[in-house]
Amino acid sequence: MTVRKNQSALTAEEKRRFVAALLELKRSGRYDTFVTTHNAFILGDTDTGERVGHRSPSFLPWHRRFLLEFERALQSVDATVALPYWDWSVDRTPRAALWAPDFLGGTGRSVDGRVMDGAFAASTGNWPISVRVDTRTYLRRSLGGGGRPLPTPAEVDSVLAMATYDMPPWNSGSDGFRNHLEGWRGVNLHNRVHVWVGGQMATGVSPNDPVFWLHHAYIDKLWADWRRRHPGSGYLPVAGTRDVVDLDERMKPWNDSTPAELLDHTRHYTFDTA
Ligand SMILES: [Cu+2]
């Protein structure tokens with residue numbers, strides 16, 4: 001059974017194997033197909049039209065399915081690897097071990113944002129940015145450069161306390177748990193973390209930075225935490241909603257699973273916490 005662990009609890013060997021599996025997916029070309037898929041949905045999801053991956057109720061099940069696909073790809077390289085998660089409300093500075101050279105490497109240099117250490121630095125030759133929105137082919141970051149600090153535990157708690165999963169108009173203007181977690185409204189959790197990391201993470205090609213997976217694994221864990229806290233609250237909307245994925249509708253691009261089928265993560269993995 002796959003156990004997703006807090007990145008701060010990984011052993012040196014677990015970090016080494018995770019990084020090696022990422023590099024192999026990159027080398028084989030499989031990694032970049034995930035970047036392409038994510039960007040296509042970022043570009044296609046709109047508040048007034050069809051929306052599946054973002055700014056809609058299926059933001060959470062879509063990313064759960066996307067991460068499962070990616071985790072299975074990693075496990076096809078090394079069956080011992082699981083996606084770790086980054087609790088950015090605790091490990092909230094660029095000094096966190098997450099950003100050390102033996103794991104994801106640190107922030108970018110000030111002149112051009114280029115990451116200079118770690119396995120994903122351009123100088124290694126192992127991490128070309130091929131699916132991109134501009135001409136720069138090197139991984140960039142500006143940790144904390146966006147101005148706003150990472151969300152606090154109290155801010156996370158204020159969002160977990162929201163009992164309604166999502167509300168009309170089911171987009172970036174909605175009240176409710178999903179949109180506050182996604183960040184278009186209120187304290188802003190998920191979107192703010194993308195901006196805090198900066199570089200490619202602040203764009204539609206955000207999966208170019210491996211921290212994308214650790215960020216979304218934690219967003220996914222917060223959804224699991226929310227479900228346990230509100231056992232009487234379910235995914236919404238249930239049926240008949242134009243342009244939006246209802247509970248029993250299949251999601252693009254896979255067309256093989258519905259939000260209802262993805263509610264219970266324990267069929268696929270568990271977390272290191274109770
Ligand atoms: Cu995201």
Side-chain angles (χ1 to χ4, degrees), residues 37-67 85-89 92 133 142 144-207 209 211-227 229-230 233-237 241-247 249 251-252 259 262:
T37 296
H38 187 268
N39 193 43
F41 278 79
I42 282 274
L43 294 174
D45 298 322
T46 65
D47 272 340
T48 53
E50 189 182 32
R51 46 200 184 276
V52 180
H54 307 87
R55 51 179 73 237
S56 65
S58 48
F59 167 69
L60 290 168
W62 190 91
H63 280 83
R64 177 166 284 176
R65 180 73 178 76
F66 189 54
L67 263 63
Y85 61 88
W86 169 33
D87 179 349
W88 25 254
S89 75
R92 47 187 299 108
V133 289
S142 174
R148 241 182 130 185
L150 288 167
T152 65
E155 286 173 323
V156 170
D157 222 61
S158 73
V159 173
L160 288 177
M162 296 176 176
T164 304
Y165 178 76
D166 207 344
M167 298 185 200
W170 318 111
N171 61 20
S172 73
S174 292
D175 198 355
F177 169 69
R178 185 277 309 168
N179 197 36
H180 280 82
L181 177 62
E182 190 172 355
W184 303 108
R185 181 162 175 164
V187 294
N188 182 356
L189 301 181
H190 155 269
N191 287 345
R192 199 207 302 192
V193 175
H194 277 276
V195 171
W196 186 89
V197 174
Q200 282 88 3
M201 259 293 271
T203 75
V205 292
S206 49
D209 191 326
V211 80
F212 173 91
W213 310 103
L214 288 81
H215 172 36
H216 271 278
Y218 186 57
I219 292 293
D220 183 80
K221 181 177 184 297
L222 290 176
W223 185 25
D225 293 345
W226 177 86
R227 291 190 71 238
R229 192 143 142 183
H230 303 279
S233 301
Y235 179 94
L236 295 170
T241 319
R242 182 196 166 99
D243 291 331
V244 168
V245 181
D246 295 314
L247 179 63
E249 278 183 334
M251 290 185 297
K252 294 178 180 176
L262 285 159

Can you check whether Pro57 reaches Val244 side chain to side chain, under 4.5 Å on heavy atoms?
yes
Atom pair OG1/CG of Thr164 and Leu236 - distance to nearest 0.5 Å
7.5 Å
Restricting to non-hydrogen atoms, name the atom on Asp166 and the atom on Ser174 that form the minimum distance, rounded to 0.1 Å.
OD1-CB, 3.5 Å
For residues 212-221, pull every pair meeting salt bridge (charged side-chain N to carboxylate O under 4.0 Å, His left out), keeping only residues two or more places apart or in separate chains.
Arg4-Asp220, Arg64-Asp220, Lys221-Asp225
For Val195 and Ala202, the nearest pair of non-hydrogen atoms, with its separation, is CA-CB, 4.5 Å
Closer than 4.0 angstrom, basic N to acidic O: yes or no for Arg55 and Asp45?
no
Spacing of His216 atom NE2 and Leu60 atom CG [to the nearest 0.5 Å]:
9.5 Å
Between Asp157 and Arg229, is the closest basic N to carboxylate O distance under 4.0 Å?
yes
Working to the nearest 0.5 angstrom, can you tell me the gap between His194 NE2 and Leu189 CG?
12.0 Å
Enclosure of Arg148 CZ (heavy-atom neighbours >12, cutoff 6.0 Å):
yes
Heavy-atom distance under 4.5 Å between the side chains of Val211 and Met201, does that happen here?
yes
Please report the shortest heavy-atom distance between Arg65 and Leu262, naming the atom on each side.
CB-CD1, 3.9 Å
Please tell me whether Phe59 and His190 form a close aromatic pair, meaning their ring centres lie under 6.0 Å apart.
yes
Is any side-chain heavy atom of Val245 closer than 4.5 Å to one of Trp170?
no
In Å and rounded to the nearest 0.5 Å, what is the CZ to CE distance from Phe66 to Met251?
12.0 Å
Hey, what do you get for OG (Ser58) to CZ (Arg178), rounding to the nearest 0.5 Å?
8.5 Å
Residues Gly234 and Trp226: closest non-hydrogen pair is O-CH2, 4.5 Å
Taking the inter-plane angle between the rings of Trp196 and Trp86 on a 0 to 90° scale, is it parallel (under 30°), tilted (30 to 60°) or perpendicular (over 60°)?
tilted
Measuring from Thr46:OG1 to Arg51:CZ, what's the distance to the nearest 0.5 Å?
7.0 Å
Counting distance only, does the side-chain N/O of Arg185 pair as donor-acceptor with the main-chain N or O of His180 below 3.5 Å?
no
Could you pull out all residues at least two apart from Glu155 that satisfy salt bridge (Lys or Arg N to Asp or Glu O under 4.0 Å)?
Arg192
Determine the minimum heavy-atom distance between Asp243 and Gly49, stating which atoms define it.
CB-O, 3.3 Å
Would you check if the distance from the ring center of Phe212 to the ring center of His38 is below 6.0 Å?
yes
Please report whether the ring centroid of Trp223 lies less than 6.0 Å from that of Phe177.
no
For Leu150 and Arg92 the tightest heavy-atom approach is O-NH2, 2.9 Å
